[in-house]
Protein chains: 2
Amino acid sequence: MSNRDTQRTRRRRGASQPTLREVAEAAGVSAITASRALNAPERVNEDTRARILEAMERVGYVPNLVAGSLASARSRFIAVIVPSLENSVFIEVIRGLQATFEARGYQILLGNTDYDLEREHQLVRTFLGWSCSALVTAGLRHSPACRALLEQWDKPVMEVMELGDGLDLNVGLDHREAGRCMARHLLERGHRRSVFVGACLDRDYRALMRYEGHREVFENAGHAAPLIELEELGSLEAGAGGLDRVMASHRDADAIHFANDDLAAGALLHSVRLGLQVPDDIAIAGFNGLPLGQQLTPRLTTIRSPREAMGRQAAEQVLRRLDDRRVTRRRRDIGFELLVGEST
Amino acid sequence: MSNRDTQRTRRRRGASQPTLREVAEAAGVSAITASRALNAPERVNEDTRARILEAMERVGYVPNLVAGSLASARSRFIAVIVPSLENSVFIEVIRGLQATFEARGYQILLGNTDYDLEREHQLVRTFLGWSCSALVTAGLRHSPACRALLEQWDKPVMEVMELGDGLDLNVGLDHREAGRCMARHLLERGHRRSVFVGACLDRDYRALMRYEGHREVFENAGHAAPLIELEELGSLEAGAGGLDRVMASHRDADAIHFANDDLAAGALLHSVRLGLQVPDDIAIAGFNGLPLGQQLTPRLTTIRSPREAMGRQAAEQVLRRLDDRRVTRRRRDIGFELLVGEST
DNA sequence: TAGAAAGGTGTTAGCGCTAACATGATAGCG
DNA sequence: CGCTATCATGTTAGCGCTAACACCTTTCTA
């Protein structure tokens, strides 16, 4: 008796939530049967299961998922790591991931690196500590320590956004080719003196890859491929500023290839204020295929990348793996589409 | 010996990650000291701590946060529940929350209800099962069961977006008053025949509150306050369609008060295509204060709500509570600002 | 009709960590 | 010098759940 009292004083939570054991007692079964009623219904007799569910309802049982994860050494978490939440591009990928994973009962753990590889490493460590079922990260670049950590991890790792030699699974598009594609289009339209305008290209290295594709095409055709780098990653205001800078420094430019649609749309809107005719005075092209570009007059020429679909496909590949089904291709090119508007 | 063998065969994970116990052995201390080296450094001698950290580094220790949470009955999770990820408004709030919580070492668990209160209840149950430290949810409306669950929960609950009688903490703005504010502005500018255009007002009930404020002002001034409801929540295309519908059904309208900036901007861009003069032929007003509206010509009259700041303030209030500091006001009006452009 | 297979449930022993209490050493004090 | 206070560390006992195995019953098979 005194022994029992001692034990009781050492309990952490006096009046905590009802536990599975209490539910089991209320239903006249063992704890493991109650556990199975939730996690493996097909292994429990139907009547027994109904009795257990009724007991759960009655006592107000809320499963302790932390305890379940510890015991089973897995959680229904999917770690998702992106470099930024400012950029609508990542939001759309997240949306695709979230919809697909949530429908299958997985919970997303969202991490934001702010374009810092060290921060990514730290997030990966934290997420591994949560026994995630899989990890999805934007991009193929990681710190060596982070790469090592992920390589020795035995669960699916998915890298999205770009295409290349990845750790495990990969769904993305070829940014260099996208840059080439737009450059070819500009040449076809007769624009020879095109300026590429990007921002923070050290962090937004996918935009840099697009520039490299652009430069390759222009230089192969015997033209220069000047580059202007802005300070702000992607906003309408920055795009307006970009147009001003091109007008000031490249007075003979006949086209601007912007790193993204936010910049391009900002420039297009600004061109109205400056009284410039697009594309006659200057052509404007973007990247992303945002709806805004299609609502402007003239419509923005851009490249649409299926971002939500990318998230969805990535999630499906990961789920295949989690279901122990064969993953047909570890690397999957999601492609892109040139949308020709009247701005070029 | 045979006993030990039996035990060994019953282990779940043969070659699992190194545990705290192994780190402790490597450093020549007990497990609890190693635990304290991470979670309560001030309670461990500096040299001992350095030795432990070095051992962790050496063996590649990754803390098992699931086990820690189970033992301590708390996690560093903050549940965040929003009705949609399509709407940039929620994204911005999430950004504010995320930045503030992440800086303090909390991890956000993001849930999307798709405007379904039953789904919200389910998410709340799941999140409580993860021993979250606090819960942030968008809006004051919940299912009765969900409300009951949250009321008996003993951790901070924060409701954001709107202002009113909440469960616990509340940071938001008065949408009815915002609707009144814009309506007064329209009257001041001489617009008497104003149409309110919203979308899915059963789900976007905050927009409905703005309409009610709008109607109150117009009716008190002796004018009608017609309402048109669109099918799509907020997109440029839907806004263009909204303008068409107003032109078709209210030929004498002199102003359109849109439920949000996406719709309003869509209409403004469409007005160019229709050859309408804004505001002379028709005035256009929005809500949200998106950057896009300020880049259009004419600039969009709208109401700016400080959404990222709302997220940040909400997070700070919750952190105060978690730090056991006094929360000065449980309800906090974040306010709004009328941005007058040339579109009215 | 014996034996195997399948179905349904229970017992036991942890998962890896930390709360609570315990202990020993050192410092501070009159 | 004995007393308490503080610091640094250790021992013990779970947190609530599920994997692994065990066992009994019922059904199927040859």
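In what follows, every chain begins at residue 1, and chains take the letters A, B, ... in the order their sequences are listed.
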In whole angstrom, give the distance that lies between atom [atom1] of [X] and atom [atom2] of [N].
X: A:E25; N: C:dT9; atom1: CD; atom2: P; result: 18 Å
X: B:L70; N: D:dA13; atom1: CG; atom2: P; result: 18 Å
X: A:L65; N: D:dG16; atom1: CG; atom2: P; result: 13 Å

Worksheet, complete the sentence: The salt bridge (charged side-chain N to carboxylate O under 4.0 Å, His left out) partners of B:E316 (sequence neighbours excluded) come to none
Item to complete: Kindly write out the residues that satisfy salt bridge (charged side-chain N to carboxylate O under 4.0 Å, His left out) with B:E25, not counting sequence neighbours, or none if the list is empty.
Response: none
Can you list the residues that meet the side-chain hydrogen bond (donor to acceptor under 3.5 Å, both in side chains) rule with [X], with sequence neighbours excluded?
X: A:Q317; answer: A:R332
X: B:H121; answer: B:E118
X: B:D165; answer: B:R331

Worksheet item: Which part of the nucleic acid, if any, lies within reach of B:V66 when heavy atoms closer than 4.0 Å are counted: base, sugar-phosphate only, or nothing?
Response: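 Result for B:V66 = nothing.
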Cut-off 3.5 Å, no hydrogens considered: what does the side-chain donor-acceptor table look like for residues 132-141 of chain A, sequence neighbours left out?
| from | atom 1 | to | atom 2 | distance (Å) |
| --- | --- | --- | --- | --- |
| A:S133 | OG | A:S75 | O | 2.4 |
| A:T137 | OG1 | A:E120 | OE2 | 2.9 |

Worksheet entry | Check against side-chain contact (heavy atoms from CB on, under 4.5 Å), B:H142 and B:R147 | CA-CA 6 Å; B:H142 317 286; B:R147 178 176 297 276; 3.8 Å; yes
Discussion item. Under the rule for ring pair (Phe, Tyr, Trp, His ring centres under 6.0 Å), what residues qualify as partners of B:W130, not counting sequence neighbours?
Written reply: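 For B:W130 the ring pair (Phe, Tyr, Trp, His ring centres under 6.0 Å) partners, ignoring immediate neighbours, are A:F77.
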Discussion item. Just to be sure I understand the geometry, which residues of residues 122-135 of chain A put a non-hydrogen atom under 4.0 Å away from DNA chain C?
Written reply: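 Contacting residues: none.
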Worksheet item: Among residues 30-62 of chain B, which contact DNA chain C at a heavy-atom distance under 4.0 Å?
Response: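 The stretch gives B:I32, B:S35, B:N39, B:Y61 as the residues lying under 4.0 Å from the strand, ordered by number.
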Worksheet entry | Nucleotide nearest A:S72 when distance is taken to its side chain, options D:dC17, D:dT18, C:dG16 | D:dT18
Discussion item. If the cut-off is 4.0 Å, is B:R74 near the phosphate of C:dA19, judged by side-chain N/O to OP1 or OP2?
Written reply: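 The answer is yes; a side-chain N or O of B:R74 sits under 4.0 Å from OP1 or OP2.
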